[in-house]
Every structure is written in C-alpha cells, then in structure tokens.
K.L.:
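Okay, here's the structure, questions in a sec.
Letters go in sequence order (proteins before strands), and every chain restarts at 1.
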2 protein chains.
Amino acid sequence: APERVCMDCYSPTNSVVDAMWRIYERKLRPMEAQYKFTDFYSPLLRKSDFEAKPQVLLLGQYSVGKTSFIKYLLERDFPGIRIGPEPTTDRFVAIMKGNEDRVVPGNALSVDATKPFHGVDKFGTGFLSKFESSECDAPILDNVTFIDTPGVLSGQKQRIGRSYDFTETIGWFADKSDLILLLFDAHKLDISDEFQSAIQALKGHDDKIRVVLNKADTITTQQLMRVYGALMWSLGKVFNTPETVRVYIGSFWSQPYQNAENEELFAAEQADLLRDLYELPRNSVVRRVNDLVKRARLLRVHTAVISHLKKNMPSVFGKQKAQTKMIDGLAEIFLDVHREFGYPVGDFPPVETMQAGLLDRDFTKFPRLDESMMKALDTVLTTDLTQIMNKVTPPSTDTPSAPTP
Amino acid sequence: APERVCMDCYSPTNSVVDAMWRIYERKLRPMEAQYKFTDFYSPLLRKSDFEAKPQVLLLGQYSVGKTSFIKYLLERDFPGIRIGPEPTTDRFVAIMKGNEDRVVPGNALSVDATKPFHGVDKFGTGFLSKFESSECDAPILDNVTFIDTPGVLSGQKQRIGRSYDFTETIGWFADKSDLILLLFDAHKLDISDEFQSAIQALKGHDDKIRVVLNKADTITTQQLMRVYGALMWSLGKVFNTPETVRVYIGSFWSQPYQNAENEELFAAEQADLLRDLYELPRNSVVRRVNDLVKRARLLRVHTAVISHLKKNMPSVFGKQKAQTKMIDGLAEIFLDVHREFGYPVGDFPPVETMQAGLLDRDFTKFPRLDESMMKALDTVLTTDLTQIMNKVTPPSTDTPSAPTP
Ligand SMILES: Nc1ncnc2c1ncn2[C@@H]1O[C@H](COP(=O)(O)OP(=O)(O)OP(=O)(O)O)[C@@H](O)[C@H]1O
Ligand SMILES: Nc1ncnc2c1ncn2[C@@H]1O[C@H](COP(=O)(O)OP(=O)(O)OP(=O)(O)O)[C@@H](O)[C@H]1O
Ligand SMILES: [Mg+2]
Ligand SMILES: [Mg+2]
C-alpha cells in the first residue's frame, strides 16, 4: 500500500496539518468565537494543537515500571527522570522532543503557545505545580510525546496529599492522547479499586487502550500464565466488552531477562508494541481529521440552536421567563432544529451540557443566524474536510459481503 | 503429612466407606423411608453409591478432544471409543474399571445395583438409549470413573435431535461428580451460547470446575497468549467470581507436540492435572462424608416438619382446608420448628421444594415424631459422623489470625 501519510505528519510544513489549520483558522474559529462555542464545549484550538505529535499516556499502579518503560523506548535518561522501587514519579511529565535537555514547569507550559497544553490551566495551580515537560532528543520523540504519570496508590494514600482530581486530569490527557498504555507488574499483580476507577474514567477511549504486562521475565512460565489469566479475568469485567484488549507481555527495559524461557515471545511482543508506536502518526492524523469533522458538525448545530433561541426571544417583556422556558424545553428545541435543518440527531450535544452553558446568559445578545457563514461551514464539511479525509484514509478494501440466502 | 486416606478408599472393604454405609443403612435409611424423605429430595442411597469411585465429568464443544483426553489418561482405547474431526461421541459414556472389556447399555446400567447410576432413569428411555458404560482395565480407573459426553453443538443443531434435556442431565452428573473438566480447543476457541448455558447450569459446583485449554501446541506462542487471554476474558464474565478458575494449558494426547516451544510449560501443566486426578480419592472421601452430614441434617429438619404437620391436623373436619393453610404458611412453620428445636435455619430445604412435595398428600397419614429415632439421629450427627470426619480430614493447620489493632 502506498504511504499516504508521511512520518513527519506533525511538522508545521506538512500539507495535511497545514490544510486543517487553515480551514479551522479561517472558517471555524471566527464562527466559534461569534457563537460562544468555547463557553459551552472546549477552548479555541491553536496551531500547536494541530502540530502536536501523537501522544502516548502511561498509567499504572506505582512501581510497575512506567518511567523505566519510557527510558527504554528513548534509549536514554530524560531530564528529571526518577526511577525507584518506592513511589517515585510524583507529577505528570510530558516527555517530548527538544533540541537541548530541559525541564519546563507546568505554569510556563500552560501559557506556551507552541505547546498543546493550554487547556490544563483549568485544573488550577494545584495541578500545574505537579506538571512539567521534559524535553530532550531521542529518535522516537520525532513520532510521539509520552505522558508519564504518578503511580496509582491504593486506598487512603491515594486520596490524601493530591492537590488535584487525579481521575479528572487522566480524563483530559486521555482525550488528547492517541494511545493509552495501562501497565501491570506480573510480579505483583494488583488492580486496586483506585486503578479500577481510573480505568473506568477512560470509558469512550476503549479503542486507544492497550495493556502492558511488564516484568513478565521475573516469574516462571507457569506463574506467568496464572498471572496473565487473572489479569484477563479481571479486565474482562472492568471493560465489559466482548472484544478483548490487546495485552503486550514482556519486560520493557534494557536489562537481560531473568527467566529467558519466553525470550522469543517477549521479543515478538515488544516488536509488536514498537510497531504500534511507529504507526501512531499514520493513525493519529486520521483521528484528528475525524475530530475536526466532529467539531465542525457540533459547531453547525450549536449555531443553529443559538440563533433559534435568539429569534424566539420576546422583544420587550418577559425575557427572563422566556429564557427559563426555553432552557427547560431545550430537548424540544433540539428536535425543532433537527426538523428544520435536517441535521442528524447524533450531531447534537447532550441537552444538559448546553443547558448548563445557557444559565445566566442574556439570549437577546446572541447573534442571529449568519446565512453566509452557515453556507461556508457546509462547504467545509461537504468539500474541504472530505477532501482531506480522502487524502489520509486509503480507499476501502472491503469486499462487498455475500448475499445471505 | 501422614496419609490419612488410602488410595483404595472406594473398595468395599475400606473402613471409612464401610462405616458410612453402616451408619446410613442402620440409622438413616429406615427413617428416610418412614418419613417419605425420598418423595421430597432424592432416592434412597445404595451401597454402590458409597463405593462408587470419584467421578470426573468432561464437557466441551464438539471435537475439542474430550474422548482423546480420556484415551490419553487410560493409555489405551476403551470399548466403543470413537474419535474423529466431526461430532463423534453421541452419548454419555461412563468409562470405568472392569476386569474385561465390555459395553453395558443404559437400560441395564440403571438397574444394576452395583453401579451408582440408578438415579438416571428419571430422564426416561430417551436418555437411557444415549447412555452406556464402557468397562475396561487401566491403572487410572482404579481411582476414577470418567463420564465422556457428546460435544456441545451450536444453535439449531443442538436443540433438534436430542431426545432428552442436555442441561438437566449435565446437572445430574455434575452433582455426582468430584471434578468437572471444561475442555476448549486453542485452535478453534468457541464459547457458544449453548455451552455458556451449560456452564451456567453448573452453578454451585464452582469448586469442582477446572478448565483444560487443549491443542495448545497447534498454534504459535503469541497466538496461544491471545487465545488464552480471550478465554479468561470470557470465563471471568460467565463465572462472575473474583477468583479465577484453574486452567491447564497443554495438549492432552500422546502425539508429539507440533510446536515444541512451550514443551516445558505443557509438561508442567499436564503433571499438575495428573496430580489433581490422583489426589481426587483423598478429597472426594471428605466431600462424601460432608454430603452425608448434610443429608442427615436435612433428614432431621424434614422429620421435625412432617411430624409437626401431622400433629396440627384436625381430627375430624376441615382436613383439606387445614392442609392448604399449612402448605401456604410453610415458611412460618419452618420458623416454629426452628424455634422449638433450635435447628439452624441453613438446614431447612427451600420452602418451595417441600411445598411441591406436600401437594396431594394426606397429612393424617404422616407418622408422629419418633423420639428415640430422633435421639439416635442426633447421636449420628454429634458422634458417629464427627468421628469419621475427623478420620478423613487432617487436623487444621490454620494459625490463629493476628488481632487487628
Ligand atoms: N522490566 C522490568 N523488570 C524488572 N524490574 C523493573 C522493570 N522495569 C522497572 N523495574 C524496576 O521497578 C521499579 C519501579 O520502576 P519505575 O520507577 O520505572 O516504576 P514507575 O511505574 O515509574 O513507578 P512510579 O509510579 O513510582 O513512578 C524500579 O526499581 C525499577 O528498577
Ligand atoms: N491434543 C490434541 N491435539 C490436536 N488434535 C487433537 C488433540 N486431541 C484430539 N485431537 C483431534 O481432534 C479431533 C476430535 O477429537 P475427539 O473425537 O477426541 O474430540 P471430542 O471432544 O471427543 O469430540 P466429540 O464432541 O465429537 O465427541 C480428532 O480428529 C482428534 O484426532
Ligand atoms: Mg515513574
Ligand atoms: Mg468424543
């Protein structure tokens, strides 16, 4: 198959990234600003969001080897690295490409327009003081950015001493990530209630999740089979899908294997995982075009609803009452807009999300429907974004299914 | 640890089997007959039930290698054996010790007082024509009897053409078995809805269930890990317990391994399974004493309830009405008996079971409470059976748990 997407997809000069950015900047962003899109859903995007490398999020109980795993892939230490048998990593660390080694603290990171982290300030300084980037040079960082995280602790220890909501921040990073690796220690398998609820917070990202059963060489093969079996037994219940999650079994650091019996298996598993990592850019660009399409469709219904609310406001008396009535009856209004414009029901946001955004606003200040802007947005969806999507996804190789007798 | 239970526990001359039988025959059986115990719960026991060897039930989709597995353990063909890639075994076969090779058909088996199968006639001739024993000589048959079963088929095929209720018969054999092996084919993993409901029918026998992942040598190690993982993922949901079920991974026939990469693992797993089989007699005798204790306790409350019903019948008028009232209020009567005699609530049968047995009976014909019989039964429980239990279970090695601060 021809390489449709280059390996340096995320360089500012790449045509796909560039095209997405141009569409967003010229056609979507002005409309998002005008119709207060960001007050309801998520902040305006920046160029850095488009240029950001695919992101890999690492999660696991403490000491499972998350930091060692990153070091192994980098084939070097990264600035500020700490590895040890006790809980060591005490913050979120974005390990990313940099020409010289340096650590940038969270507060600086969140205001750096060239970095895709401007959204984290919503977690407050309590979080920003526990967030930093570690920049350095390593071949794999041309393709991906890693997010190292503090190990999940069990019970009381987890809850005290954290100055931010762990599950919530995990959710934010998961949303921005292309791959989420859940690490487990074969030698000390533990799925605490805390980690289980962290996994549950990843609902909706199932397709990004992979599991790593690390330190698999520290036990006998029979023990490994029992541990691996117990892991799948439990994960099946946590995920509750019929499809299994992919588990990579091995020892992901540069030391020789303690028990070399399964050398070949581990090598094959590690090769598979590396291949997955190297294929990330290709898959990630598709995902981002897809996300942009979703954003444009949401913007379209949002605009229609906002201008519908504006249009139905009384001109003189009873404004407050009319607003309250419309907020309460928002589901009905969604249906009206759906019928009037024919936008798919699936494009609409959850009623509660929009209701929350509408509280304490003056609907009379909402803009009217700008027909030409709407037309331009339709063209973005039907033409511009479709063209980009075709460029990044290879033509379908599905054979038509045989007729069932 | 000293061998408290001999390997030939189930020979008629064994002292434990003999002691159980004597207690049952002299003290329990007459009482069971007098108080119609068998009309409510299960048939009278025979000497053959006590002497029966521990029983291993094999279940699985068709062609997973159930019959080949038995042949492998016997190290020989058994009479009537059929092995093949299509659905072959079309009946339940009890493979058991015999001095000469022969096949005994189901109808004859069910009336043979020396065999523990007199209970199967309740499944009718439709089942009896699909049941037989295969007797032959093989060392392992000194310790266990195997029940080979027809493979579970998926969908329509399963339901048509079976002249008996498969799940119900499975339940009966499971009840009489000491070990239930669920076989899966690593090369063609399949957990059909039918097999899933067969597994569900084994509820309450969880502790007897083991899983065999067979033909594990026919695929690569990486494939094996995926298949095994998928199996555990699914089984965890079917069983719905936090504890995993033990899975033996290997290739259970006498052919050399196709893929010898995991030779050592398979050998270790096969050795574990064999050890489990050879330890069955020891564990099984404990289970049987336990079953007899349960039966005696049930008999005790049954007798108390029956004579309570008798006592409360009017002597002349309104018999039918009184009976109906007592059947409807049976839960209340259980409580009365519990309060009067102090028998544990857990000893009582499900209210519905006893209600079903009481329909269309004449309570005035029930016997009164026989105080001396009850006293003898109490002695059986407090002395005779306790002595036997102590004989077969080694003294507890539990250390007292440390006080929690
Ligand atoms: N593949 C491996 N096999 C055996 N031991 C390992 C492996 N990887 C890491 N370790 C050891 O496990 C311990 C924990 O490693 P590391 O600090 O990388 O874990 P972590 O998941 O980042 O922990 P934390 O959550 O505390 O940050 C260290 O002592 C490390 O040497
Ligand atoms: N360990 C094994 N490895 C590979 N093939 C095997 C193994 N055991 C059995 N087979 C093959 O699988 C097929 C089915 O075997 P067998 O008849 O023993 O299965 P079964 O479970 O008893 O099937 P059925 O439910 O139809 O009675 C046969 O062709 C047999 O040679
Ligand atoms: Mg760490
Ligand atoms: Mg068979």
Side-chain angles (χ1 to χ4, degrees), chain A residues 182 184 186 189-193 196 199 206 209-214 216-217 219-251 259-276, chain B residues 182 184 186 189-193 196 199 206 209-214 216-217 219-251 259-276:
Chain A
L182 305 182
F184 293 88
L189 187 65
D190 183 12
I191 311 183
S192 67
D193 291 351
Q196 199 160 314
I199 298 176
D206 291 23
I209 298 178
R210 305 287 181 279
V211 168
V212 174
L213 185 56
N214 202 12
D217 63 326
I219 52 179
T220 69
T221 305
Q222 271 197 302
Q223 285 165 341
L224 177 59
M225 296 313 277
R226 299 294 91 78
V227 166
Y228 170 56
L231 177 65
M232 294 304 278
W233 184 276
S234 306
L235 287 180
K237 294 183 202 171
V238 178
F239 280 90
N240 213 9
T241 55
E243 307 78 30
T244 59
V245 65
R246 174 68 157 100
V247 179
Y248 299 94
I249 304 166
S251 180
N259 167 5
E261 255 171 53
N262 300 302
E263 202 161 8
E264 276 174 50
L265 171 69
F266 298 162
E269 295 277 289
Q270 282 162 229
D272 281 359
L273 177 49
L274 276 182
R275 197 173 319 115
D276 268 15
Chain B
L182 306 182
F184 293 89
L189 187 66
D190 183 13
I191 312 184
S192 67
D193 291 350
Q196 199 160 312
I199 298 176
D206 292 22
I209 299 178
R210 304 287 180 280
V211 168
V212 174
L213 185 55
N214 203 12
D217 63 326
I219 52 179
T220 70
T221 305
Q222 271 197 303
Q223 285 166 339
L224 177 60
M225 296 313 275
R226 300 293 91 77
V227 166
Y228 171 55
L231 177 65
M232 294 304 277
W233 184 276
S234 305
L235 287 181
K237 294 183 202 171
V238 178
F239 281 89
N240 211 10
T241 56
E243 307 78 29
T244 58
V245 66
R246 174 68 156 96
V247 179
Y248 299 94
I249 303 167
S251 180
N259 167 6
E261 254 171 54
N262 299 302
E263 200 161 11
E264 277 175 49
L265 170 68
F266 298 161
E269 295 277 288
Q270 284 163 229
D272 281 359
L273 177 49
L274 276 183
R275 198 175 317 115
D276 268 14

K.L.:
Which of the residues A:Leu224, A:Leu231, A:Ile249 is involved in the greatest number of heavy-atom pairs with chain B at under 4.5 angstrom?
P.N.:
A:Ile249
K.L.:
Please answer whether the main-chain N or O of B:Arg246 pairs with a side-chain N or O of A:Arg226 as donor and acceptor at a distance below 3.5 Å.
P.N.:
no
K.L.:
To the closest 0.5 Å, what do you measure between CG (A:Asn259) and OG1 (A:Thr220)?
P.N.:
7.0 Å
K.L.:
Measure distances from B:Glu269 to the heavy atoms of chain A and classify the residue's part below 4.5 Å as side chain, backbone, both or neither.
P.N.:
both
K.L.:
Count the heavy-atom pairs under 4.5 Å between each of B:Thr221, B:Asn262, B:Leu265 and chain A, then report the option with the highest count.
P.N.:
B:Leu265
K.L.:
Check step by step if side chain to side chain contact (heavy atoms under 4.5 Å, CB included) holds for A:Tyr228 and A:Leu189.
P.N.:
CA-CA 9 Å; A:Tyr228 170 56; A:Leu189 187 65; over 6 Å; no
K.L.:
Under 3.5 Å, is there a donor-acceptor pair between the side chain of A:Trp233 and the main chain of B:Thr241?
P.N.:
yes
K.L.:
Can you say whether A:Glu264 sits under 4.5 Å from chain B via the side chain, the backbone, both, or neither, judging by heavy atoms?
P.N.:
side chain
